[in-house]
Each structure stands twice: as structure tokens, then as C-alpha cells.
Amino acid sequence: MTQFTATTGPAASLLLPNINTDLIVPVARSVRYARGELGPWLFETLRYGSDGRENPDFILNIEPFRHTRILLGGENFGCGSSRETAVWALLDFGIQSVIAPSFGEIFYNNCFQNGILPIVLPSSLVTSLHEEAVEGNPVMTIDLEAQQIQTPRRTLSFDVEAFRRTMLLEGIDEVELTLRRNGEIEAFQKSDAKRRSWMRWDEPSIIV
Amino acid sequence: MPKTCFEKIWENHVIANLAPNVDLLNVDWHFVTDVRSRAFKSIEDRGLPVRNPERTIGIIDHVVSSEPGRTGGWAEWSDMHIQNMREGCAKHGLRLFDVNDAGQGIAHVVAPQLGIAQPGTLILCADSHTSTLGGLGALAWGIGFSEVIHVLATQTIVQRKPKTMRIRFDGRLEGHVEAKDVALYMIGRFGTAGGMGYAVEFAGPVIDTMSVEQRMTICNLAVEFGAKVGLVSPDEKTVAYLAGRSYAPVDTDLGEAATSWLALRSDDDAIYDADLALPVSELKPQITWGTSPEDTIAIDGVVPYPDEADTSAKQAAWQASLDYMGLTPGAPIVGTPVDRVFIGSCTNARLSDLEAVAELVKGRKVASRVEAWVVPGSQQVKRDAERAGLDRIFIEAGFQWREPSCSLCAGANGELVPKGQRCVSTSNRNFVGRQGPGARTHLSSPATAAAAALAGMIADVRSF
């Protein structure tokens with residue numbers, strides 16, 4: 001797991017509800033490009049016209065949001081397909097935190113796996129952060145240690161599961177952590193094989 | 001203490017508790033589909049072996065062409081992913097259902113058909129529609145790419161226990177109203193975030209009388225309802241469905257397994273964190289008008305006005321949907337001209353779905369303006385359909401009868417609906433660009449999609 005402690009930068013808003021992972025990165029880019037190559041394709045259908053040129057009205061094409069570190073999203077942000085490329089595209093673009101009233105569950109978990117901090121805040125607070133960013137200085141700081149969002153005007157607190165917070169702050173790798181429990185996994189599999197002796201782990205021929 | 005089916009299966013898989021509400025769970029089966037073929041290189045780069053190669057199966061479904069006679073896929077990335085799968089599975093000793101193997105097909109169609117998905121099994125795949133397998137009483141959900149590496153290396157998953165929800169479908173379905181209509185109606189009613197944070201059990205008389213395949217359709221769409229997990233308590237139908245399948249237990253083992261499976265049923269007095277009832281006796285066939293699965297109306301309904309949405313954010317989303325879909329508020333949805341019809345996907349490409357289509361189109365003709373495809377969900381569905389003569393019915397009606405693939409549901413094999421064209425599709429997502437840049441998707445049941453193919457426009461299947 002990648003470490004995350006804090007980030008500072010402009011916050012851009014995409015407050016439409018149900019922004020799905022197909023919209024974050026279309027399938028043609030998702031299956032073609034690897035991690036590290038996806039930044040240019042983030043929000044492709046919104047960011048570019050059908051002629052491939054930048055859509056000048058799209059927020060990430062406007063200064064200072066080309067350097068966005070924080071995204072303000074709508075309800076159910078990241079719903080749909082499980083593609084982790086959606087998180088990689090955000091990361092490749094430079095986004096390190098997404099603040100939204102709710103998240104698609106697979107996307108939410110994928111964020112933590114990659115050192116992006118997803119923050120759940122009530123819809124009214126996300127909207128007021130958006131208004132603050134639009135009216136004045138959009139630069140915010142997100143501090144995971146303190147569990148705070150600092151804007152030029154105020155400081156807000158947010159909740160995050162303690163276990164996930166520790167994993168992110170220390171950059172602990174989940175696979176490494178689990179591999180240390182190999183003895184327990186071994187013991188579980190042995191007793192499970194007795195409990196469900198009918199489970200087949202061979203390769204039976206396919207009945208046609 | 002009474003327990004839900006979900007709780008029983010969860011508890012049977014806990015290896016260790018890691019933190020409050022965070023458990024390490026044993027994974028029974030894991031599927032790697034072709035679009036995640038880079039997983040093998042990732043695990044190799046980390047110098048880790050696959051812990052239990054006998055428990056992961058490789059699947060070719062997303063990138064492979066559905067064209068008759070295909071040997072691979074047409075997309076520029078198809079060959080790379082297929083090659084990665086072949087090399088990765090061979091190197092790590094995994095079973096692979098290759099392009100034209102007897103077991104090939106869409107992961108969530110193959111797993112039940114081969115008897116791999118059984119009640120009480122925990123099954124993961126980096127594909128959100130893995131929830132389909134809940135129709136058999138399996139605990140199954142979609143994972144991310146990082147989690148694929150975790151499962152390959154440890155045969156476990158770190159998971160937060162979700163809350164439980166039960167949705168009871170009460171009443172009896174009218175003719176031409178199918179599982180797909182029930183699911184779309186539910187998503188329209190409660191929204192695409194309605195099940196967020198829950199493992200959702202579908203229950204009630206409508207589920208009890210439904211076939212196992214129809215239950216899979218509802219569980220498939222649990223993820224469009226915001227829930228990672230959809231589930232139906234196993235019953236005698238589940239046992240009957242599994243008997244005789246390739247991976248299913250036989251003889252006395254089957255009896256022992258069946259007893260264990262049926263014991264997983266939710267206890268009658270089990271408590272759910274949320275318990276909802278949805279009467280569906282009056283339900284009509286459903287279809288989507290917008291670009292979210294919650295944008296659902298009855299087939300005899302009209303396209304809504306954006307100002308009917310309850311929040312300003314939603315009003316903006318509805319307006320954007322209408323613009324993208326090229327629809328006029330207030331107009332009846334029936335009569336909207338259609339260019340393409342797609343019968344396929346892990347939602348609706350099982351034998352019973354194809355039978356519903358064949359029943360309607362037998363002796364009729366697809367409208368000349370429509371290009372209509374039937375893409376069976378697996379080689380087994382294809383074989384069974386051909387044995388029953390369904391392929392002849394489709395071809396004579398003017399449908400293309402194709403090879404098993406995810407095909408037009410995801411467009412990951414290069415098969416796309418052209419820009420601006422309108423497609424009635426039995427798949428699961430009507431997102432912007434999902435079936436191709438600028439493609440307009442209307443989700444419906446197989447019967448409603450078949451009616452659109454015949455009429456050349458969105459039509460009410462009940463009038464056929």
C-alpha cells in the first residue's frame with residue numbers, strides 16, 4: 001500500500017451524482033494502458049471533444065485545476081465497474097484525495113490500495129467546500145494524521161477507519177501483512193477440507 | 001441466535017479478525033478474466049508465487065471477438081491479453097478456459113454452469129458483476145486489481161463486514177415481466193446507491209418461484225443497486241440446478257453437500273439491518289431512458305422532465321442524460337426508433353433468456369433497420385441452445401447468432417455500437433460511452449429487447 005500523510009493543492013469540483021468508473025476512464029483506455037500511462041485519459045469523454053481537442057469548459061482543463069490534487073465529487077462517486085484503472089488514472093493525473101458524500105464500494109477500497117484518500121463528508125459540506133473553492137482560493141490541505149481539511153477560511157474534521165488510517169500513514173502493504181498469517185491460513189484450509197469434503201480442487205473434465 | 005444466510009457464510013470463512021469489523025476471509029474460488037491479465041506480471045514482479053493455483057481459474061471473456069469462426073479478438077489489445085492469460089496460467093499452473101474450449105464463456109455464466117459456484121462458497125473476481133453468483137447462494141463480489149494480487153498470493157481477502165438488507169418481492173409477476181424488470185424497477189425505486197454498504201438478500205414469494213437463472217439476473221444487478229453482494233438463500237431448486245454439473249459433488253457427497261447447503265438458508269427470525277418489501281404484482285416491463293440504471297420507467301411511460309428530479313444535481317444529470325440520449329421529455333418511450341439490439345451479457349445470456357427471446361421471435365422477422373445480435377453467455381449455453389434449435393429460430397428471424405463473449409456489454413473486444421446509434425440491450429449498464437463513444441443504450445429484459453428488434457422501435461412486448 002502506498003503511503004499517504006497529507007496533500008495540498010487546488011480542489012476541483014465534479015458534483016454530478018453517480019460518476020461511474022467508465023466515465024473516469026473508458027474501457028478502451030482501461031484495457032489498453034497500464035498503470036502510469038492513464039493520466040491523459042482521465043475523464044476522457046468530458047475532457048476532450050470528439051475531435052480529440054481539449055474541451056475548454058471542462059474544469060480540469062482550466063488553471064489552476066490542471067494541477068488539481070483534490071477532487072470534490074457527488075453522491076455514489078466511482079460506482080460501476082471494478083476497474084482499478086479508474087484510481088490509477090486519478091493518481092497519474094496527480095489527484096491524491098477525493099471528497100464526496102458517498103462512494104461506490106469497490107472504488108472506495110481501490111483508493112486505499114493505491115494511497116488515494118477518499119473522504120466521506122455530508123453533501124452540504126461538500127457543496128460548501130465547492131462554493132468556497134469557486135469563490136476564492138481553491139487550495140486546500142488534507143492532513144490524514146490530524147484528520148482535517150484546511151481551507152483558507154476554516155478547518156473541517158473527517159472520519160476514517162482507524163485500521164485504514166494506520167495502513168495509509170505507515171504505507172503498510174496488505175499482502176505482506178497477510179503473508180505473516182500463513183500458519184493460520186494453512187490451519188483454516190485443513191479444517192475446511194474436512195468440513196466440506198465434497199469440494200473439488202482437481203480439474204474435472206467439462207460435461208458437454 | 002438466528003442468523004442470515006450471509007452471516008452464516010461469512011462466519012464459515014473467517015480466518016482471523018484484524019481490526020474492529022475487519023476480517024481476513026478464506027477465498028474458495030477466484031476467477032481472473034482476460035482484462036486483468038496483467039496480474040500475472042504484477043505477482044511475478046513482486047517475486048510471489050500463487051498460493052493455491054488449484055483455486056484460481058483463468059477466463060477469456062471480455063476481449064475475445066463474438067464473431068462466428070473467431071480465434072481471438074479484433075481489438076488492438078485482445079491478443080496481448082489472451083497471450084498474457086495463456087502464459088500466466090501455464091506458468092502458475094492455473095486452469096484456463098481458452099478461446100474455444102468447452103468451458104469458455106463469461107465468468108459469471110460459466111461458474112454456475114460448471115457447478116463451481118455452490119451455496120456457501122466464497123468467490124471473487126475482479127469484475128463487479130461477480131455478485132451474479134449470489135443467485136446460487138454463493139457469497140461473491142467484485143474486487144480490484146490490487147486485491148487480485150492479494151488473493152493470488154494468499155488465497156484470502158481482507159474485508160469489512162457489510163450491514164445486511166433484505167428485500168422481499170411480494171405478489172406474482174404478470175406475463176412478459178421478468179427478473180430483469182424486477183431488478184430495474186428496484187434500482188429505479190431506490191436508486192443506484194440504494195444498497196450501498198449492505199449485503200442484500202433477495203427474498204419473498206417472487207424469488208421463491210423464480211428459476212435459479214432468474215435469481216442470478218437479480219443478483220447480477222445488485223451492484224447497479226450499489227451493493228457489492230447480492231444473495232438468495234439456497235433451496236431445493238438450487239440443489240437440483242447443481243446436480244450433475246462438472247464440479248458438483250456426486251452420489252453420497254451430493255446428499256451431504258445438499259444438507260449443508262440448505263442449512264445455510266436465512267433463519268426465519270433472522271434480523272436484518274434494513275428490511276424492505278416491494279410489491280411487484282402490478283409491475284409492467286421496464287426500460288431505461290437515461291445514462292444510469294436508475295433512470296428506469298415502465299414501458300408504457302413517458303420520458304421524464306428534468307425538473308421532476310428531486311435535487312438540483314440530479315436535474316443537471318437528467319438534462320445531460322436527455323441530451324446524450326437524444327430524447328424529448330414528455331414523449332412516450334414506445335415508438336423510439338432503434339438501430340441495434342443486443343441479447344447477451346452476464347445479466348441475460350443464459351439459456352432461459354435465449355428461450356424467452358426465441359419464443360417471441362419464432363416465425364417473425366427483425367425489422368430491416370435493426371442489426372440484432374444474440375451472443376450466448378458461454379459455450380455451454382451455445383451448445384444447449386443449438387440442441388434445442390434456438391439458433392435456427394434466431395437466424396431465420398434475422399438475428400446474428402454469435403460466439404460467447406462479453407461483447408457489446410463492455411466493448412472491450414472492439415465490438416461497439418456506432419456513435420449516435422440507439423441500442424436496446426439486455427446488459428447491465430447504460431453509462432455514457434459504455435457500448436461505444438456516443439452510443440445510446442436502453443436496458444431491458446430479453447423479451448422487451450426482442451420486441452424492439454421485431455418492431456424496429458421500442459415496443460411493449462405485451463402487445464405481441
Side-chain angles (χ1 to χ4, degrees), chain A residues 1 15-18 20 22-23 26-28 30-32 34 44-45 50 74-76 79-85 87 102-107 109-110 113-114 123 161-163 174-175 177-179 181-182 184-185 187-189 192 195-208, chain B residues 15-16 18-19 22 24 26 28 35 38 48 54-55 62-63 76-77 81 95 102-103 114 126-128 142-147 149-150 153-156 158 192-193 196-197 226 228 244-247 249 253 256-257 260 292 313-314 316-317 320 383 410-412 429 431-434 437-438:
Chain A
M1 204 172 277
L15 298 184
L16 284 181
N18 301 320
N20 59 67
D22 275 80
L23 199 61
V27 72
S30 176
V31 298
R32 170 71 183 78
E44 181 182 1
T45 49
S50 50
E75 301 269 358
N76 204 14
C79 61
S81 159
S82 65
R83 64 189 66 164
E84 199 158 316
T85 45
V87 173
S102 59
F103 289 92
E105 288 183 45
I106 303 174
F107 174 85
N109 190 59
N110 285 345
Q113 299 279 354
N114 292 279
S123 185
E161 180 197 287
F163 186 59
E174 201 170 86
V175 174
L177 209 61
T178 302
L179 284 172
R181 294 182 179 266
N182 193 41
E184 287 167 81
I185 298 168
F188 183 95
Q189 287 188 358
D192 186 54
R195 189 175 68 82
R196 297 184 297 174
S197 56
W198 63 84
M199 293 288 282
R200 295 189 64 166
W201 309 115
D202 58 348
E203 294 189 2
S205 57
I206 303 306
I207 299 165
V208 296
Chain B
I15 296 170
L18 305 179
V22 185
L24 184 68
N26 172 66
D28 293 322
V35 282
R38 290 189 175 96
L48 295 168
E54 75 285 4
R55 296 185 183 215
H62 284 70
V63 304
E76 57 166 310
W77 52 79
H81 285 299
R95 187 168 202 177
L114 297 186
D127 188 291
S128 59
I143 58 176
F145 186 90
S146 298
E147 290 174 312
I149 307 308
H150 191 277
T154 70
Q155 203 55 40
T156 66
V158 175
T192 51
M196 189 183 282
K228 279 207 305 197
R245 297 191 183 264
S246 303
Y247 278 78
D253 272 356
E256 192 192 331
S260 154
S292 164
K314 230 164 219 179
R383 281 191 297 272
R429 290 187 174 136
F431 298 161
V432 168
R434 173 79 179 184

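Treat the numbers as computed from the prediction; the structure is a model and nothing was measured. A, B, ... follow the sequence lines: proteins, then strands. Residue 1 opens every chain.
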Colleague: Out of A:L177, A:T85, A:T178, which one racks up the most heavy-atom pairs below 4.5 Å with chain B?
Modeller: A:T178
Colleague: Quick one: does any side-chain atom of A:S82 pair with a main-chain N or O of B:G144 as donor and acceptor, under 3.5 Å?
Modeller: no
Colleague: Please classify the contact of A:P204 with chain B as side chain, backbone, both or neither, using a heavy-atom distance under 4.5 Å.
Modeller: both
Colleague: Once side chain to side chain contact (heavy atoms under 4.5 Å, CB included) is applied, do any residues pair with B:A102, and if so which ones, sequence neighbours excluded?
Modeller: A:I206, A:V208, B:R383
Colleague: Tell me the closest heavy-atom pair linking A:D202 and B:Y247, and the distance in Å.
Modeller: O-CE2, 3.8 Å
Colleague: Go through the atoms of A:F103 and report whether side chain, backbone, both or neither lie under 4.5 Å from a heavy atom of chain B.
Modeller: backbone
Colleague: For the side chain of B:H62 and the backbone of A:V31, is there at least one donor-acceptor N/O pair under 3.5 Å apart?
Modeller: no
Colleague: On a heavy-atom basis, which atom in B:A313 and which in A:L16 lie closest, and how many Å separate them?
Modeller: O-CD2, 4.0 Å
Colleague: Using heavy-atom distances under 4.5 Å, tell me whether A:S205 contacts chain B through its side chain, its backbone, both, or neither.
Modeller: backbone
Colleague: Could you check which of A:R83, A:E44, A:E105, A:R195 has the highest count of heavy-atom pairs closer than 4.5 Å to chain B?
Modeller: A:E105
Colleague: Under the side chain to side chain contact (heavy atoms under 4.5 Å, CB included) rule, collect the residues that match up with A:S123, sequence neighbours excluded.
Modeller: A:E75, A:P101, A:T127
Colleague: Would a 4.5 Å heavy-atom cut-off, applied to side chains only, mark A:N109 and B:E147 as touching?
Modeller: yes
Colleague: Ignoring hydrogens, what is the shortest heavy-atom contact between B:D28 and A:W201? Give both atom names and the distance.
Modeller: O-CZ3, 3.2 Å
